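Here's the structure we're looking at; comments come further down.
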Amino acid sequence: MTNSITLVRDVLRALECVAKPPCALHEPTFGGNAEAYVADCIQTGWVSSVGAYVDRLEQDLAIYTGAKHCIATVNGTAALHVALLLAGVKPNEEVLVPALSFVATANAVVNCNAVPHFVDVADETLGMDHQQMKDHLARIGETKNGQLFNQHTGRRIAAIVPMHTFGHPCEIEQLCEVADEFQIPVVEDAAESLGSSHRGKHTGTFGKLGAVSFNGNKVITTGGGGAILTDDSDLAKLAKRITTTAKEPHPWLFNHDMHAFNFRMPNLNAALGCAQLEMLPDFLAQKRQIAGAYQAALSGIDGVKFVVEPEEATSNYWLNAIRFPGCDETFRDSVLTATNEVKLMTRPCWTPLNRLPMYTSCPASDLAVSDQIFRETINIPSGCGILTNEA
Ligand SMILES: *Cc1c(COP(=O)(O)O)cnc(C)c1O
């Protein structure tokens, strides 16, 4: 008991050395050309569903990530939803998603009228575990006519969605190998990992398609927004069409040739995105500096572990996390209480998705690691602004 009180106090002091309260979990940082580009949209009247900044953001992102094609969308959830549809996910099929993720990963599956199937994560990367995936598929899978089915539910397994937790790349290469072996397409949820790579290749470009997010709390923001990444030109064309009401190009006629969505990113948001993307290299350097400062401040304290990037990976260190190995939820909550009380904002990891009321009856593998990470992990302030926060 005394030990745990000391630990809470020591951790709080260490965190306060890096993040001076009051301190939010992740505030956006602006500057650069943000105001000029946004003002340009207003002055020219190009604020809405088409415009030069949308094209430019798509080109700049393709160059930055190394994806052949990039399609900007209204948010990351829409990007993931469309990516899943284009990967061939049909109603009443199953999609493998990590139990430890933001709810949008599972929601995007349900938006396709498909069923999330929860799998466990690896302790080191906090993302999908390739060995567990392989064992699980071998145990529950059944191949019929070259397609994999869940023999317990009879549903086809249509896709696998690895997610790069807090920006730390998961075992993406090995997961792609397992997916290949079982002939399932990979759609990456790279919502949190713009700027992160695995052995030099950008996250979101390993699978058939990938999705990124530019929500206000992500590493760069467009206010709200997202993008689909793919190397497949046919899928890229279809992604553009299906996110823009499938309007046939014509000087005046309204002809739409399929059911489609209005998932476009407005030009106003793209303008902000272009300015933010210009600043991304600076943000990444600052985030690495913040992570290094936390790691140093916490290094002498027994009972707490700063989460670092996995081997062979470069993380964007989007959202820093610390773990209290072996602790229970009561202890974790005492750290959350002590930090939030002094206005140093911390949050627990997401409640494992299989515990949310709408997802309790979904198929799932053993989720012991996800449960453990949920019990012992908290996120700590990570916005670039904390480097200059003197308050
Ligand atoms: C943010 C996020 C999304 C969704 O992005 P939005 O732009 O908020 O719709 C999806 N998956 C994960 C893991 C995220 O963190």
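In this chain, residues are counted from 1 in sequence order. Whatever order the structure lists them in is the order used to number ligands and atoms, beginning at 1. Remember, it's a predicted structure, so these values are computed and weren't measured experimentally.
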**Message:** Salt bridge check, R155 against E94: does any charged N sit closer than 4.0 Å to a carboxylate O?
**Reply:** yes

**Request:** Look at the aromatic rings of F261 and F263 and report parallel, tilted or perpendicular, splitting at 30° and 60°.
**Result:** parallel

**Message:** Could you walk me through whether F30 and T221 satisfy the side chain to side chain contact (heavy atoms under 4.5 Å, CB included) test, starting with their C-alpha distance in whole Å, then the side-chain angles of each, then the deciding distance to 0.1 Å, before giving a yes or no?
**Reply:** CA-CA 9 Å; F30 298 111; T221 185; 3.8 Å; yes

**Message:** Going by ring-ring contact (aromatic ring centres under 6.0 Å, His included), name the pairs with one or both residues in residues 160-195, residues two or more places apart or in two chains.
**Reply:** F166-W350, H168-Y317

**Message:** Regarding R241 and D257, does a basic nitrogen lie under 4.0 Å from an acidic carboxylate oxygen?
**Reply:** yes

**Message:** I'd like to know whether CD of E35 has more than 12 heavy-atom contacts from other residues, nucleotides or ligands below 6.0 angstrom.
**Reply:** no

**Item:** Residues lining ligand 1 [heavy-atom distance under 4.0 Å, listed by chain and residue number]
**Value:** N75, G76, T77, S101, F102, A104, T105, M163, D189, A191, E192, S213, N215, K218, G225

